[in-house]
Amino acid sequence: MKNLIKRLAPYAVIEAARRFVYFGFSETCQACGAHLRFLKPQGYGHPVLEQLQVVGGMRRGADVCPVCHTNDRDRLVMHYLEREVLAKRSGVLRIAHIAPEKPITKFLLKQPDIDYHPGDFEPHRYYHLKNVEMCDLTDAPYEDGSIDLLICNHVMEHIPEDGRAMAEVRRVLRPGGRAILQTPLAMRLDETDEGDGSEDAPERIRRFGQSDHVRLYAQEDYPRRLAAAGLRVERWRAFDADAEAATLLRLNPLEELHVCWRDA
């Protein structure tokens with residue numbers, strides 16, 4: 001029934017209903033402006049995520065907006081885009097958005113001069129977008145050097161051939177283009193824990209923190225892999241750039257944004 005409602009009801013109607021149901025004065029969502037009784041927690045709480053201090057995986061309280069479903073990672077990406085991309089651009093931006101998060105999609109579609117291309121390995125999952133293209137990131141459907149900005153969050157940990165996917169990111173970026181590539185990172189892991197494909201769902205949860213993950217990246221190994229694919233990696237820290245704004249947005253102080261450039 002819930003999925004049927006999502007398919008049939010306009011999203012604006014669903015969002016308006018959520019604003020009514022969750023209305024209150026305890027919190028305000030900095031993304032959609034909704035006044036709320038509370039923010040929802042996020043994260044699975046599996047032991048490995050806490051034991052290895054997995055940024056992007058640990059459970060966080062009072063984080064997710066129940067109206068627009070924006071979480072701290074979405075707000076981090078949107079904050080970076082607003083501050084470092086949109087405010088400094090000139091001309092039309094061609095953006096590829098892989099596994100498009102709804103809040104980021106809505107944010108981008110409100111901007112002028114955006115040529116937006118959402119893609120996913122399972123396009124049918126997206127009720128709010130009708131033009132999601134089939135995209136296998138190891139064989140991306142974009143021409144060489146055709147993308148100004150590629151956004152792809154929490155995808156690499158699902159892909160057995162992650163090096164091939166990273167190389168594809170570099171291939172499709174124009175010279176001087178950039179990609180935002182977030183993934184869960186274990187701060188207490190010295191080496192990436194890599195599966196061999198034989199793991200069942202319970203084993204993947206035990207080792208990687210999610211049943212459909214094929215690895216858990218060590219914090220320092222992930223940027224090394226991106227660099228090996230020919231990308232220049234910038235680790236952007238929102239609290240260093242503007243601590244007041246980062247605090248207001250309830251960003252995770254442990255999460256750095258991995259901005260990957262294809263140099264000119």
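Position 1 is the first residue of the sequence, and the numbers go up from there. For clarity, every value in this text was computed on a predicted model and none was experimentally measured. Basis for what follows: all heavy atoms, side chains included, without hydrogens, waters or symmetry-related copies.
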Examine the side chains of Glu157 and Thr183 and answer whether a donor and an acceptor come within less than 3.5 Å of each other.
yes
Where Pro175 and Ala264 come nearest, the two heavy atoms and their spacing:
CB-CA, 3.8 Å
Can you give me the closest heavy-atom contact between Pro100 and Leu129, atom names plus distance?
CG-CD1, 4.1 Å
Please state whether the rings of His258 and Tyr222 are parallel, tilted or perpendicular, taking 30° and 60° as the class boundaries.
perpendicular
Ignoring hydrogens and angles, state whether a donor on the side chain of His117 or Tyr142 is under 3.5 Å from an acceptor on the partner side chain.
no
Counting only N and O atoms by type, is there a donor-acceptor contact under 3.5 Å from the side chain of Arg83 to the main-chain atoms of Ala241?
yes
Relative to the ring of Phe25, is the ring of Phe23 parallel (under 30°), tilted (30 to 60°) or perpendicular (over 60°)?
perpendicular
When you measure from the side chain of Glu256 to the backbone N and O of Arg235, does any donor-acceptor pair fall under 3.5 Å?
no
Carboxylate-amine/guanidinium proximity below 4.0 Å for Lys40 and Asp63:
no
Test your reading of the model: is there a side-chain donor-acceptor pair from His158 to the backbone of Asp212, 3.5 Å cut-off?
yes
For the pair Val64 and Leu39, evaluate side-chain contact (heavy atoms from CB on, under 4.5 Å) and give the outcome as yes or no after the intermediate values.
CA-CA 5 Å; Val64 179; Leu39 295 171; over 6 Å; no
Regarding Tyr116 and Thr105, is there a side-chain donor-to-acceptor distance under 3.5 Å anywhere?
yes
Does a side-chain heavy-atom distance below 4.5 Å link Arg250 with Gln30?
no
Mark yes or no for whether Arg171, through its side chain, and Met166, through its backbone, hold a donor-acceptor pair below 3.5 Å.
no
Do you know which two heavy atoms are closest between Ala34 and Val67, and how far apart they sit?
CB-CG2, 3.9 Å
Quick check against the 3.5 Å criterion: does Arg19 have a side-chain atom that pairs as donor or acceptor with the backbone of Leu36?
no
Taking atom OH as the centre, does Tyr80 end up with more than 12 heavy-atom neighbours from other residues, nucleotides or ligands that are less than 6.0 angstrom away?
yes
Donor-acceptor contact below 3.5 Å, side chain Arg215 vs main chain Pro160
yes
Does the Arg262 side chain pair with the main chain of Leu231, one donor and one acceptor, at a distance under 3.5 Å?
no
Close side-chain approach of Leu81 and Leu108, heavy atoms under 4.5 Å
yes
So does Asp263 pair up with Arg170, basic N to acidic O under 4.0 Å?
no
Please report the shortest heavy-atom distance between His213 and Phe208, naming the atom on each side.
O-CD1, 3.2 Å
Using side-chain heavy atoms (C-beta onward) and a distance below 4.5 Å, is Thr247 in contact with Phe239?
yes
Are Arg18 and Glu15 close enough for a salt bridge, meaning some N to O gap below 4.0 Å?
no
Check this for me: Asp240, atom CG, are more than 12 non-hydrogen atoms of other residues, nucleotides or ligands nearer than 6.0 Å?
yes
Presence of salt bridge, Arg204 and Asp200, under 4.0 angstrom:
no
Report, one line per pair, each donor and acceptor closer than 3.5 Å where one atom sits in a side chain of residues 145-155; sequence neighbours left out.
{"residue": "Ser146", "atom": "OG", "partner": "Arg94", "partner atom": "NH1", "Å": "3.2"}
{"residue": "Ser146", "atom": "OG", "partner": "Glu143", "partner atom": "N", "Å": "3.4"}
{"residue": "Ser146", "atom": "OG", "partner": "Glu143", "partner atom": "O", "Å": "2.7"}
{"residue": "Asp148", "atom": "OD1", "partner": "Arg174", "partner atom": "NE", "Å": "2.4"}
{"residue": "Asp148", "atom": "OD2", "partner": "Arg94", "partner atom": "N", "Å": "2.8"}
{"residue": "Asn153", "atom": "OD1", "partner": "Gln182", "partner atom": "N", "Å": "3.2"}
{"residue": "Asn153", "atom": "ND2", "partner": "Glu101", "partner atom": "OE2", "Å": "3.0"}
{"residue": "His154", "atom": "NE2", "partner": "Arg73", "partner atom": "NH1", "Å": "3.4"}

Quick test of your reading of the model: are Glu220 and Arg224 salt-bridged, counting only N-O distances below 4.0 Å?
no
Between Glu255 and Leu251, is there a donor-acceptor pair closer than 3.5 Å when you use the side chain of the first and the backbone of the second?
no
Under 3.5 Å, is there a donor-acceptor pair between the side chain of Arg164 and the main chain of Thr138?
yes
Val77 versus Leu257: any side-chain heavy-atom pair under 4.5 Å?
yes
Backbone of Asp113 reached by a side-chain donor or acceptor of Arg89 within 3.5 Å
yes
Arg60/Asp72 ion pair, N-O < 4.0 Å
yes
Treat each ILVMFWY residue as a node, draw an edge where side-chain heavy atoms are under 4.5 Å apart, and state whether Leu93 and Val172 are in one component.
no
May I ask you to test the Met78-Ile104 pair for a side-chain heavy-atom distance under 4.5 Å?
yes
